[in-house]
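These notes are about the structure you will find just below.
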2 protein chains.
Amino acid sequence: MSLTHLQSFVAVAEEGHVGRAARRLHLTQPPLSRHILALEDELGTRLFERTPRGMRLLPAGETLLCHARRILADVDTAVRTVRNLSTRERSTHPES
Amino acid sequence: MSLTHLQSFVAVAEEGHVGRAARRLHLTQPPLSRHILALEDELGTRLFERTPRGMRLLPAGETLLCHARRILADVDTAVRTVRNLSTRERSTHPES
DNA sequence: GGCGTCCAATGCTGTCTCGGCATGGCTCGG
DNA sequence: CCGAGCCATGCCGAGACAGCATTGGACGCC
């Protein structure tokens with residue numbers, strides 16, 4: 001389970017297509033497809049239903065989607081917060 | 001920024017020593033040391049003060065520690081939740 | 001003051017991961 | 001049927017990463 005996998009999962013869930021999600025993430029379809037398979041393997045359940053038109057979320061996928069969004073948002077917040085902290089610190093104490 | 005790096009960071013923060021944290025994570029000291037350096041590089045600020053006795057958290061590190069714990073806990077919850085979902089589902093519908 | 005100790009950082013190497021290319025299998029519409 | 005569109009898979013090369021060995025610096029002890 002990696003943040004990259006979660007990002008891939010969210011993108012596929014939102015696009016409904018592995019190929020489109022791949023374009024959005026500046027990736028190609030095969031690795032993205034493998035990210036989803038890896039997640040499903042790790043969680044022991046299917047997250048998407050494969051249709052000839054694309055990917056449709058299953059209940060387990062819906063659940064994961066909520067958690068994944070929250071996790072990714074938290075990571076983003078953490079990075080931003082620490083970054084801001086350091087720049088403020090730097091301008092408060094110009095140099096030692 | 002990866003979950004592995006965050007785990008390493010939390011372990012070092014709690015142990016106060018890279019070496020001890022490494023043992024706790026079943027890893028060796030060099031890669032763990034590099035995880036911390038990578039985080040510091042990515043965030044653009046020092047997270048620890050290096051003392052001859054080990055590593056002491058700096059303010060930016062304290063901040064990150066809170067976020068990191070929460071993120072890791074969320075990931076754990078997400079995995080557990082989806083796993084439980086799937087096993088319940090499986091026992092409700094014995095087979096299709 | 002020199003020496004052994006304890007710590008993190010770094011150079012290096014083998015392995016393993018991972019992304020991209022090419023292709024296969026499946027379903028549907030004409 | 002045939003062609004198009006979708007995801008899955010086999011394969012390969014580049015890059016990432018862990019571990020080993022070593023360096024470098026700071027203390028404490030004699």
Side-chain angles (χ1 to χ4, degrees), chain A residues 1-62 64-65 68 72 75 79 86 96, chain B residues 1-62 64-65 68 72 75 79 86 96:
Chain A
M1 165 88 71
S2 78
L3 293 175
T4 304
H5 287 173
L6 288 183
Q7 276 181 310
S8 299
F9 168 74
V10 171
V12 171
E14 289 176 352
E15 298 287 344
H17 291 256
V18 176
R20 255 205 290 282
R23 246 173 278 130
R24 172 167 141 190
L25 296 173
H26 307 290
L27 230 62
T28 55
Q29 175 257 323
L32 201 40
S33 183
R34 281 189 281 251
H35 290 181
I36 305 300
L37 291 172
L39 273 178
E40 292 180 328
D41 182 62
E42 182 175 358
L43 296 173
T45 187
R46 287 277 175 197
L47 300 169
F48 292 100
E49 181 194 350
R50 273 73 168 173
T51 79
R53 324 275 282 181
M55 313 275 278
R56 168 177 248 91
L57 272 177
L58 291 175
E62 299 271 11
L64 182 62
L65 184 55
L72 293 174
V75 169
V79 173
S86 70
S96 55
Chain B
M1 166 86 71
S2 76
L3 293 176
T4 304
H5 287 173
L6 288 183
Q7 275 180 311
S8 299
F9 168 73
V10 171
V12 171
E14 289 176 350
E15 298 288 345
H17 290 257
V18 176
R20 256 205 290 283
R23 247 173 277 129
R24 172 167 142 191
L25 296 173
H26 307 289
L27 230 64
T28 55
Q29 175 257 325
L32 202 40
S33 182
R34 281 189 282 252
H35 290 181
I36 305 300
L37 291 172
L39 273 178
E40 291 180 329
D41 182 61
E42 182 174 358
L43 296 172
T45 187
R46 286 278 176 197
L47 299 169
F48 291 100
E49 181 194 351
R50 273 72 168 173
T51 79
R53 323 277 282 181
M55 315 275 277
R56 168 176 248 92
L57 273 177
L58 291 175
E62 299 271 12
L64 182 62
L65 184 56
L72 294 174
V75 169
V79 173
S86 70
S96 56

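The structure presented is a predicted model; accordingly, all values stated were derived computationally and were not measured. In what follows, every chain begins at residue 1, and chains take the letters A, B, ... in the order their sequences are listed.
- Of the candidates C/dA9, D/dC6, D/dT9, C/dA9 carries the atom nearest the B/Leu37 side chain, counting heavy atoms from C-beta on.
- Distances shorter than 4.0 Å separate some side-chain N or O of A/Ser33 from OP1 or OP2 on D/dA8.
- Across the protein-nucleic acid pair, B/Glu40 atom CD and C/dA9 atom C1' stand 12 Å apart, rounded to whole Å.
- Atom-to-atom distance recorded for A/Leu39:CG and A/Arg46:CZ is 12.0 Å, nearest 0.5 angstrom.
- If you measure from atom CZ of A/Arg23 to atom P of D/dG5, you get 11 Å, rounded to the nearest angstrom.
- Distance check, rounded to the nearest 0.5 Å: CD of A/Glu42 to OG of A/Ser2 gives 8.5 Å.
- Atom NE2 in A/His26 sits about 15 Å away from atom P in C/dG19, given to the nearest Å.
- Protein atom CD of B/Glu49 is 14 Å distant from nucleotide atom C1' of C/dA8, rounded to whole Å.
- Summarising the geometry, the separation between CD on A/Gln7 and P on C/dC18 is reported as 15 Å, rounded to the nearest angstrom.
- Residues B/Ile36 and B/Glu40 have side chains in contact (heavy-atom distance under 4.5 Å, counting atoms from C-beta outward).
- Remark: P of C/dA9 and CG of B/Asp41 are 13 Å apart, rounded to the nearest angstrom.
- With rounding to whole Å, A/Leu25 atom CG is found 16 Å from C/dC18 atom P.
- Between A/His35 and the phosphate of C/dG19, there is a side-chain N or O to OP1/OP2 separation shorter than 4.0 Å.
- What separates CG of B/Leu32 from P of D/dC20 is a distance of 14 Å, to the nearest Å.
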For residues 51-59 of chain B, which side-chain N or O atoms pair as donor and acceptor with protein atoms under 3.5 Å away, sequence neighbours left out?
from    : atom 1 : to      : atom 2 : distance (Å)
B/Thr51 : OG1    : B/Arg53 : N      : 3.1
B/Thr51 : OG1    : B/Gly54 : N      : 3.1
B/Thr51 : OG1    : B/Gly54 : O      : 3.1

For nucleotides 21-28 of chain C, 5' to 3', base contacts (B), sugar-phosphate-only contacts (S) and non-contacts (-) with protein non-hydrogen atoms under 4.0 Å give BB----S-
So A/Leu27 and A/His35, side chain to side chain contact (heavy atoms under 4.5 Å, CB included) or not? Walk me through it.
CA-CA 12 Å; A/Leu27 230 62; A/His35 290 181; 4.2 Å; yes
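- For the pair A/Gln7/A/Val75, no side-chain contact is recorded, criterion being any heavy-atom separation below 4.5 Å from C-beta on.
- A salt bridge between B/Glu15 and B/Arg23 is absent, with no side-chain N of the basic residue lying under 4.0 Å from a carboxylate O of the acidic one.
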